[in-house]
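The structure under discussion appears below in the form of structure tokens.
Values below: all heavy atoms of this structure, side chains included; hydrogens, waters and symmetry mates excluded.
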Amino acid sequence: MNWFARIERSLADFVERAFARGFPSDLEPAQVARKLVAVMEAQTRNSVDGGTYAPSGYEARVSDLDYERLEEHRDYLERQWADLLEDCAARVGITFSDGPARIKMIARPDLPSGTVDVRVEPEPTVAEDISDDPHHRFFLHMVQGAPAYGIFALEESTVIGRSESSDIFLLDPGISRVHARIDIRDDIATIVDCGSTNGTYINDARIDRHNLNDGDEIVVGSTRMRVEIRD
């Protein structure tokens with residue numbers, strides 16, 4: 001049985017068990033469950049360490065009316081939806097990037113009744129007061145890893161590693177204590193591998209030294225970060 005068939009079988013079995021009883025809403029919890037699984041599948045990524053990872057946190061956005069009808073059952077539904085993602089992920093070898101799966105149901109007045117919009121938990125925003133600093137044109141967005149969805153503003157020299165003294169401290173056993181360094185000189189950000197055991201990758205190609213471009217993805221161990229360069 002292939003990857004998608006196992007996911008669908010798991011989903012069908014779980015929906016039958018967890019959502020057999022009726023709920024006071026035009027929006028069926030099983031509909032939300034299927035959308036959650038679809039988003040998890042779409043966000044799943046393979047890492048250079050051979051692992052398969054998906055985000056841990058999701059928002060199930062529903063209409064105000066559906067939220068009002070389902071709010072009484074919110075704790076139960078969020079728990080069941082999270083259990084479903086855990087079950088599906090375990091069957092196909094997916095690991096969540098930041099602890100167990102977690103679901104939050106949110107009311108959105110812009111959504112029509114009977115629909116659901118599932119999003120990965122939003123990334124935090126960077127404080128505006130650093131945007132005028134010429135050395136804060138360069139940022140790293142966490143795509144996969146721990147912490148799950150942080151944003152880091154790069155200094156003139158930024159060390160990435162597993163040592164707590166690193167500027168970007170990552171809880172990843174596949175990362176060396178001092179793994180890589182990003183230097184900013186003459187408005188150019190350059191990443192240098194610091195003799196790491198498992199290597200530093202840019203857009204899935206191993207590098208020793210590389211000038212970073214907007215949108216580049218840096219992979220160290222099981223951690224993936226996206227480069228953002230602001231004007």
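With sequence neighbours left out, the salt bridge (charged side-chain N to carboxylate O under 4.0 Å, His left out) criterion links D117 to R119.
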- [ ] Decide yes or no on side-chain contact (heavy atoms from CB on, under 4.5 Å) for Y53 and R224, but give the supporting numbers first.
- [x] CA-CA 10 Å; Y53 296 87; R224 186 179 293 267; over 6 Å; no

Open item on the list: Quick one, R74 with Y67, criterion side chain to side chain donor-acceptor pair (under 3.5 Å). Give me CA distance, side-chain angles, the key distance, then yes/no.
Closed with: CA-CA 9 Å; R74 178 180 174 181; Y67 184 88; 2.7 Å; yes

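Side chain of Q31 to main chain of G114: a donor-acceptor pair is present (N/O by atom type, distance under 3.5 Å, no hydrogens or angles). Checked by atom type and distance alone, the side chain of N203 pairs as donor or acceptor with a backbone atom of E217 at under 3.5 Å. H179 places no side-chain N or O within 3.5 Å of a backbone atom of V159 that could act as its donor or acceptor partner. Between the side chain of E156 and the main chain of D183, no donor-acceptor pair closer than 3.5 Å is present.
Residues V178 and L170 are members of separate hydrophobic clusters, defined by side-chain heavy-atom contacts under 4.5 angstrom among Ile, Leu, Val, Met, Phe, Trp and Tyr. Using a 4.5 Å cut-off between side-chain heavy atoms of Ile, Leu, Val, Met, Phe, Trp and Tyr, with links allowed through other members, L154 and I207 fall into the same hydrophobic cluster. Taken together through direct or relayed side-chain contacts under 4.5 Å among Ile, Leu, Val, Met, Phe, Trp and Tyr, L111 and L65 form parts of separate hydrophobic clusters. One hydrophobic cluster, built from ILVMFWY side chains closer than 4.5 Å, holds both F152 and I182.
Cluster partners of I106: none. The rule joins Ile, Leu, Val, Met, Phe, Trp and Tyr whenever side-chain heavy atoms lie under 4.5 Å apart, and it links nothing here.
In this structure, the separation between CD1 on I151 and CZ on F139 is 8.5 Å, given to the nearest 0.5 Å.
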